[in-house]
Every structure is written in structure tokens, then in C-alpha cells.
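Notes follow the structure.
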Amino acid sequence: MGSWQRLLLFGGVSLRGAGGACAPLGGRRALVCRRQLSGSENETLKQRRTQVMSRGLPKQKPIEGVKQVIVVASGKGGVGKSTTAVNLALALAANDSSKAIGLLDVDVYGPSIPKMMNLKGSPELSQSNLMRPLLNYGVACCILVYCCSMSMGFLVEETAPVVWRGLMVMSAIEKLLRQVDWGQLDYLVVDMPPGTGDVQLSVSQNIPISGAVIVSTPQDIALMDAHKGAEMFRKVHVPVLGLVQNMSVFQCPKCKHKTHIFGADGARKLAQILDLDILGDIPLHLNIREASDIGQPIVFSQPESDEARAYLRVAAEVVRRLPPPAQ
Ligand SMILES: Nc1ncnc2c1ncn2[C@@H]1O[C@H](COP(=O)(O)OP(=O)(O)OP(=O)(O)O)[C@@H](O)[C@H]1O
Ligand SMILES: *C1O[C@H](CO)[C@@H](O)[C@H](O)[C@H]1NC(C)=O
Ligand SMILES: *[C@@H]1O[C@H](CO)[C@@H](O)[C@H](O)[C@H]1NC(C)=O
Ligand SMILES: *[C@@H]1O[C@H](CO)[C@@H](O)[C@H](O)[C@H]1NC(C)=O
Ligand SMILES: [Mg+2]
């Protein structure tokens, strides 16, 4: 068993004994509460709920050395969240080469950053027993960009099914948030698991987040799944920067006809209804899939392509909307 694994296990044990486990449990209790109340709401109940919610919130603590955290989330799975997180991180580096960027994969159930960034191995431990993120670099839009990454995928065997439950998950998240030596980062991009479960809540409650980017497909918007994601962040007071639309244009494989599934501006109308900005549209493109599947994200490998430019535009929109960093 590697030393990080011992760290993880000990962390799990000590969490159980210490007050630390209050945080996620508190959050869950608040959610349960909400569910029970949502049928018959009046002002009194609403106030009560706010009280319960705020009591459940632990004090947020910034990650040492990290100026701004951007989370990438979605209402449902498989909408291109990890692909967006990876390319957004690289595009942020390409937008301003003086910025230091990190990528944190908190999808403990199905980590994808190791494969998408073509990284593997166990992180070294620093002198103070913190895990060092893995570094890679490439050329994005003519500049050399660096990105350091941390993922549960570096910590568990690739073939081992990741079966996590309750406190185990919380302990793993705690490690990923607190036991990593990021050095000095301007932006940390966090790839979330799909949906609005305990992991998302726990991350939002434990660290200050500058903004959330919601990834969706047009179909997802139609089903209002993206809305659920946005709603959760608003509840925990995380500013939602906007929507990134994946697959906004679909090209029929048979006739090559391009269809805007919701009409050219249908998605924009829907975004208006949901009161969310659109940060950019990512076309459904085979290159994007192939690039991420071989661990060569498109912003690195084909920086001049339209697809890479789509991510660069998203990065510029994100930068524009972020609040100025505290301090
Ligand atoms: N715009 C795109 N065009 C083509 N393929 C894409 C695009 N975006 C993502 N993909 C591919 O779709 C698959 C799923 O994407 P990804 O893993 O980013 O989704 P996810 O939302 O992170 O999924 P999960 O919810 O499982 O974490 C990957 O194989 C990826 O390469
Ligand atoms: C984004 O999502 C689809 C998803 O389901 C995925 O297959 C595709 O690869 C990614 N792109 C788009 C467009 O959705
Ligand atoms: C709201 O609900 C509470 C608890 O059920 C009740 O005591 C109160 O009278 C209600 N208020 C209004 C305005 O209906
Ligand atoms: C970087 O982002 C800023 C802020 O949105 C934008 O004005 C600028 O054009 C972007 N630069 C590049 C190279 O994309
Ligand atoms: Mg993913």
C-alpha cells in the first residue's frame, strides 16, 4: 500500500472520530429537510429552511496558494464535462500565459483526467506530506502552457472498480481539496461528477468557488437538467458564470446535413428562460472525441482548429465574468 493510500485510510478513520464529518452530513440533512418541505411552502417554512441550510454550512477555507476556483458541472452525465474542464484549463493558460493553471478531478467515481491528460503514476509526497500534482505541458495557440493535475485516478489502480460510500467519499474529497501542494495557482479548474450529489455539495461548502460553468447539451436544456445544476450552486451561493453548450450543432452522419436541434437560436431562448448566459457552443466533432481519447486535448494538439477556438472563446468569457481575485 502506497503512502498516499495510508493517508487516505487514516484520513477516513480520523474523520469519523473528529468533528470534520459534520460538514457533509450537515449538508445532507439540510437537503433531506428541503425535500420534505418542498410540497407546502410558506414564508415561515422558507425562513426555517434558510436557517437550517446555513447551520449546515461549514466555514469555507480557501485552498492554500490557489487564487480562484472554477468548477465545471452538469445536470446529467456524459455531456462532455471532463472534456470541457480539460480544454478550458488549457485555454485559460493560452488566454494569458502568465497565469498558472491547475486541474482537479473530484469525480472519484469515474476519474477521466488521467486518460484525457495522458498522465499516470502516483503523486510524490512533499516534505509536509502533501501530494504533488502531476505536470504536463504542450503548445496551445503558439505558447507553451503548463497544467498540473490531481485526480483520484492517480491514487487508485486503473482496473480497480472505484466503489465509494459515504464517509469514504468525503474523506477522499477532503484529501483532494486539502492534501495537495498546488504551489501558486491563478486558476484551479475542478471537474465535478455529474449531477447534484454529496460531492458537489461538499466541494461547494468547503472551498470558496469563484464561479461555476454548467455544461449541457440542447436536449439536456430541454429537460431542464442543466437548470438543476445551476439551482444547486445558487443555493450554496456559488456564482453561475453560464452554460457551455455541447453538441449545439448536429451533423447527420448519413446526409451530412447540419441541424440546429433547437433552431439557430432556440438554445439561447431557453438559456434566457433559465436566466443563464451562454459562454460558448462546442460543436459535436469527431476530432474532439479522438483528441481526448488519446490524451491529446484539442487545445494542445490542434490549437488552430475551430474546435480549439471554441474552447478559447469559452475561456475568454469565463475570465471576463470572474470576480477580481480577493487579496
Ligand atoms: N464536443 C464534442 N464532440 C465530440 N465528442 C465529444 C465532445 N465532447 C465530449 N466528447 C466525447 O464524449 C465522451 C464523453 O465526454 P466527457 O467524458 O467529457 O463527458 P462527462 O460529462 O465528463 O461524462 P461523465 O458524466 O461520465 O463524467 C468522451 O468520449 C469525449 O471524448
Ligand atoms: C458531448 O456530449 C455527447 C454526449 O452525450 C457526447 O457523446 C459527445 O461526445 C459530447 N459532445 C456532445 C456533444 O454532447
Ligand atoms: C406556515 O406554516 C407554518 C407551519 O406549518 C404555520 O404555523 C404557519 O401558520 C403558516 N403560515 C402561513 C402564512 O400560512
Ligand atoms: C483573454 O480573455 C480576455 C478577457 O475575456 C479577452 O479580452 C482576451 O481577448 C482573451 N485573449 C485571448 C488571447 O483569447
Ligand atoms: Mg467526466
Side-chain angles (χ1 to χ4, degrees), residues 70-99 101 103-118 140-143 145 149 151-153 162 186-187 189-197 199-200 211 213-220 225-226 229 241-251 253 277 279-299 301-324:
I70 302 160
V71 299
V72 178
S74 70
K76 67 179 175 102
V79 295
K81 194 170 35 305
S82 303
T83 311
T84 302
V86 164
N87 284 294
L88 173 62
L90 301 176
L92 284 168
N95 177 274
D96 181 347
S97 56
S98 71
K99 303 282 192 218
I101 316 290
L103 186 57
L104 173 61
D105 180 2
V106 295
D107 192 345
V108 295
Y109 306 100
S112 24
I113 298 306
K115 185 170 168 230
M116 288 189 178
M117 290 298 263
N118 192 24
C141 290
C142 311
I143 38 174
V145 302
S149 313
S151 165
M152 217 51 204
V162 185
D186 293 286
Y187 303 119
V189 177
V190 179
D191 181 19
M192 291 278 203
T196 54
V199 169
Q200 291 82 343
V213 171
I214 313 275
V215 182
S216 72
T217 59
Q219 187 201 13
D220 191 21
D225 278 337
L241 303 176
L243 277 183
V244 171
Q245 276 213 104
N246 184 11
M247 211 162 46
S248 55
V249 179
F250 175 72
Q251 191 169 18
D277 290 346
L279 302 173
D281 299 295
I282 309 298
L284 179 58
H285 204 293
L286 189 62
N287 282 349
I288 297 181
R289 177 190 292 276
E290 285 175 351
S292 25
D293 289 353
I294 58 167
Q296 292 288 321
I298 196 121
V299 172
S301 57
Q302 296 164 57
E304 303 301 327
S305 66
D306 287 348
E307 296 81 62
R309 289 188 190 286
Y311 287 113
L312 285 161
R313 278 195 298 274
V314 170
E317 290 302 318
V318 165
V319 170
R320 209 195 311 282
R321 283 170 172 78
L322 282 174

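When a ligand or atom number is given, it counts from 1 through the structure's own listing order.
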Within the structure, does Asn95 bring an N/O atom to less than 3.5 angstrom of an N/O atom in ligand 4?
-> yes
For residues Leu88 and Ala315, report the shortest heavy-atom separation together with the two atoms involved.
-> CD1-CA, 3.7 Å
Ignoring hydrogens, just give me the one of Gln245, Arg289, Lys115, Lys76 whose non-hydrogen atom is nearest atom 5 (N) of ligand 1.
-> Arg289
Write out the residue and atom name of the closest protein heavy atom to atom 4 (C) of ligand 4, then the distance separating them to 0.1 Å.
-> Ala316 O, 3.7 Å
Any donor-acceptor pair under 3.5 Å linking the side chain of Gln200 with the backbone of Gly195?
-> yes
Which of the numbered atoms in ligand 1 are below 4.0 angstrom from a heavy atom of Asp293?
-> 29 (O), 31 (O)
With a 4.5 Å heavy-atom cut-off, do Val215 and Met192 have their side chains touching?
-> no
Indicate yes or no: at least one non-hydrogen side-chain atom of Leu92 is less than 4.5 angstrom from one of Ile70.
-> yes
Counting each atom of ligand 1 from 1 as listed, which ones have a heavy atom of Gly77 under 4.0 Å away?
-> 25 (O)
Within 4.0 Å of some non-hydrogen atom of Ile282, the atoms of ligand 1 are 1 (N)
Check each atom of ligand 1 against the heavy atoms of Ser82 and keep those under 4.0 Å away; list them by number with element.
-> 18 (O), 20 (P), 22 (O), 27 (O)
For Pro194, take its heavy atoms, then give the atoms of ligand 1 lying under 4.0 Å from any of them.
-> 25 (O)
Near the Mg ion (ligand 5), is there an N/O/S atom from Ser82 that is less than 2.8 Å away?
-> yes
Any idea which heavy atoms bring Ala226 and Ile214 closest together, and the distance?
-> O-CG2, 3.9 Å
Just which atoms of ligand 1 are under 4.0 Å from any heavy atom in Met116?
-> 17 (O), 18 (O)
Please lay out, stage by stage, how Met152 and Asp107 fare under the test side-chain contact (heavy atoms from CB on, under 4.5 Å).
-> CA-CA 8 Å; Met152 217 51 204; Asp107 192 345; over 6 Å; no
What is the nearest protein non-hydrogen atom to atom 7 (O) of ligand 4, stated with its residue, atom name and distance?
-> Arg320 NH1, 4.3 Å
Which ligand 1 atoms are under 4.0 Å away from a heavy-atom of Asp107?
-> 27 (O)
Could you name the option among Gly110, Gly195, Pro297, Gly78 that has the heavy atom nearest to atom 23 (O) of ligand 1?
-> Gly78
Short question: side chain of Asp105, backbone of Ser112 - any donor-acceptor pair under 3.5 Å?
-> yes
Please determine if Asp277 and Arg321 form a salt bridge, counting it only when a charged side-chain N lies under 4.0 Å from a carboxylate O.
-> yes
For Asn87 and Tyr311, indicate whether the former's side chain and the latter's backbone hold a donor-acceptor pair under 3.5 Å.
-> no
